[in-house]
Amino acid sequence: MNKNIKNSLPLVSIVIPSYNHELFIEEAILSVYNQTYKNIELIVVDDGSTDRSPQIINNVMKTLSDGSFQIRFFQRPHFGAHSAINFGLKRSKGRFLTLLNSDDFYFPNRISSLVKTLLQSQASMAFSLVKLVNTTGKKLRENHPTSRWYATSLAHKRHVRSIGQTLLRSNIAVTSGNLFFSTELFQKLKGFQNYKMAHDLDFILRSLIISEPIMLSKELMAYR
């Protein structure tokens, strides 16, 4: 990409909270590196992993050290995903912020699609459909309990007037890694609350007071 074109695009900061996902963390990082959208900074925060995750992260960083990709790595004691997320986001510089859990991965056009969506709207947050996958990355069967829940939750969306109404009933965003939002929204909400399990849903519900989110009706990431 032409350097001038890259610099004209808004910076997107992506935070990966890493914890004991040595089997998946390299795939997660590379899925960020392989985005079609190139004005990205990646911040990886290892939350006290006891497996080989830190070593793998360092090795991947060495292979991506050609200067064309902005990546920073922090290691901390284990305080939970919510803490690692806030730690990384507070150190970000982007106009737009997003997350990626260390066992999930993006599809190549995810960031470009979400940037375009927010730039063309008045919304402060967007998310997409997700592909539900197993540990090997294969799509879950339709009769899997998670697949059935997701299909039922999405079907409910057709019977209400807004995405916000659906989110009050069910978290169709599925995961914190599916949230793409402005720095301004993050600052207004004062980050993620200290909930170990529901910090993503809490963040979404509080955001509804400020702005109706947009859901892109295409799969742009994989969720294990």
Side-chain angles (χ1 to χ4, degrees), residues 1 6-7 9-19 21 24-47 49 53-54 56-58 60-61 63-76 81-119 123-128 130-131 173-187 189 191-192 199-200 203-204 207 213-214 216 219-224:
M1 175 180 288
K6 175 180 175 179
N7 291 339
L9 299 171
L11 178 66
V12 175
S13 299
I14 301 173
V15 172
I16 296 181
S18 169
Y19 183 65
H21 282 147
F24 311 118
I25 183 61
E26 181 174 359
E27 183 177 25
I29 293 173
L30 291 178
S31 77
V32 175
Y33 178 76
N34 290 322
Q35 287 297 296
T36 58
Y37 190 91
K38 296 303 180 183
N39 198 15
I40 287 173
E41 69 163 356
L42 174 61
I43 301 171
V44 183
V45 182
D46 187 80
D47 190 43
S49 290
S53 292
I56 293 171
I57 294 166
N58 278 313
V60 175
M61 286 179 63
T63 67
L64 305 179
S65 60
D66 60 359
S68 64
F69 185 63
Q70 302 181 59
I71 180 169
R72 287 181 282 161
F73 178 38
F74 299 91
Q75 290 182 260
R76 310 180 335 130
H82 59 287
S83 178
I85 288 169
N86 282 331
F87 180 90
L89 289 177
K90 288 177 181 178
R91 285 157 179 77
S92 64
K93 303 173 183 177
R95 175 177 170 183
F96 296 118
L97 310 176
T98 191
L99 311 166
L100 176 61
N101 292 324
S102 52
D103 57 340
D104 299 333
F105 58 93
Y106 289 160
F107 298 153
N109 64 334
R110 175 175 175 80
I111 300 301
S112 60
S113 298
L114 290 167
V115 169
K116 182 179 179 180
T117 296
L118 287 194
L119 287 179
S124 299
M125 179 189 289
F127 59 90
S128 72
V130 302
K131 181 179 181 180
V174 180
T175 171
S176 58
N178 196 18
L179 306 182
F180 187 90
F181 46 93
S182 67
T183 296
E184 182 180 6
L185 178 66
F186 178 74
Q187 292 171 344
L189 296 178
F192 286 76
H199 49 273
D200 55 338
F203 188 85
I204 293 170
S207 77
I214 296 174
L216 279 68
E219 294 177 349
L220 294 176
M221 68 171 293
Y223 172 72
R224 285 190 169 94

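The first residue of the sequence shown is numbered 1, and numbering continues consecutively from there.
- Residues Ala81 and Asp47 share a closest heavy-atom pair of N-OD2, 4.1 Å.
- When atom types are taken as modelled, the side chain of Ser112 and the backbone of Tyr37 share no donor-acceptor pair closer than 3.5 angstrom.
- Not a single donor-acceptor pair under 3.5 Å links the side chain of Asp104 to the backbone N or O of Leu100.
- Across all non-hydrogen atoms, the minimal contact from Thr98 to Leu179 is OG1-O, 2.7 Å.
- You'll find the side chain of Ser176 reaches within 4.5 Å of the side chain of Asn101, heavy atoms only.
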Inset, instruction - Report the C-alpha distance between Ser83 and Arg76 in whole Å, list the side-chain angles of each, state the deciding distance to 0.1 Å, and finish with yes or no for side-chain hydrogen bond (donor to acceptor under 3.5 Å, both in side chains). - result: CA-CA 10 Å; Ser83 178; Arg76 310 180 335 130; 2.7 Å; yes
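- Judged by distance alone, the side chain of Asn39 and the main-chain N or O of Leu9 form a donor-acceptor pair under 3.5 Å.
- Side chain of Ser92 to backbone of Gly94: no donor-acceptor contact under 3.5 angstrom is found.
- Between Met221 and Ser128, the closest heavy-atom pair is N-OG, 4.5 Å.
- Applying the salt bridge (charged side-chain N to carboxylate O under 4.0 Å, His left out) test to pairs two or more places apart or on separate chains, those with a residue in residues 176-187 are Glu184-Lys188.
- One N or O on the side chain of Thr183 and one on the backbone of Arg95 form a donor-acceptor pair closer than 3.5 Å.
- Under the 3.5 Å distance criterion, with hydrogens and angles disregarded, a donor-acceptor pair is assigned to the side chains of Asp46 and Ser18.
- With sequence neighbours excluded, the residues satisfying salt bridge (Lys or Arg N to Asp or Glu O under 4.0 Å) with Glu27 are Arg224.
- For the pair Asp103 (side chain) and Phe24 (backbone), a donor-acceptor distance under 3.5 Å is absent.
- Looking at residues two or more places apart in sequence or on another chain, you find a side-chain contact (heavy atoms from CB on, under 4.5 Å) between Ser124 and Ser182, Leu185, Ser211.
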Inset, instruction - Tell me, with the steps shown, if Leu30 and Phe105 meet side-chain contact (heavy atoms from CB on, under 4.5 Å). - result: CA-CA 8 Å; Leu30 291 178; Phe105 58 93; over 6 Å; no
Inset, instruction - Report the C-alpha separation of Leu119 and Phe96 in whole Å, then their side-chain angles, then the decisive distance to 0.1 Å, and conclude whether the side-chain contact (heavy atoms from CB on, under 4.5 Å) test is met. - result: CA-CA 10 Å; Leu119 287 179; Phe96 296 118; 4.0 Å; yes
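- In this view, Arg72 and Glu41 satisfy the salt bridge (Lys or Arg N to Asp or Glu O under 4.0 Å) rule, not counting sequence neighbours.
- Side-chain contact between Val32 and Phe69 is present, with at least one heavy-atom pair separated by less than 4.5 Å.
- Residues satisfying the salt bridge (Lys or Arg N to Asp or Glu O under 4.0 Å) criterion with Glu219, sequence neighbours excluded, are absent altogether.
- Checking side-chain atoms of Glu26 against main-chain N and O of Ser53 turns up no donor-acceptor pair under 3.5 Å.
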Inset, instruction - Please lay out, stage by stage, how Ile71 and Val60 fare under the test side-chain contact (heavy atoms from CB on, under 4.5 Å). - result: CA-CA 10 Å; Ile71 180 169; Val60 175; 5.9 Å; no
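- Considering only residues two or more places apart in sequence or on other chains, Ala126 meets the side-chain contact (heavy atoms from CB on, under 4.5 Å) condition with Leu114, Thr117, Leu118, Ile214, Leu216.
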Inset, instruction - Show the numbers, then the answer: is there a side-chain contact (heavy atoms from CB on, under 4.5 Å) between Val45 and Arg91? - result: CA-CA 11 Å; Val45 182; Arg91 285 157 179 77; over 6 Å; no
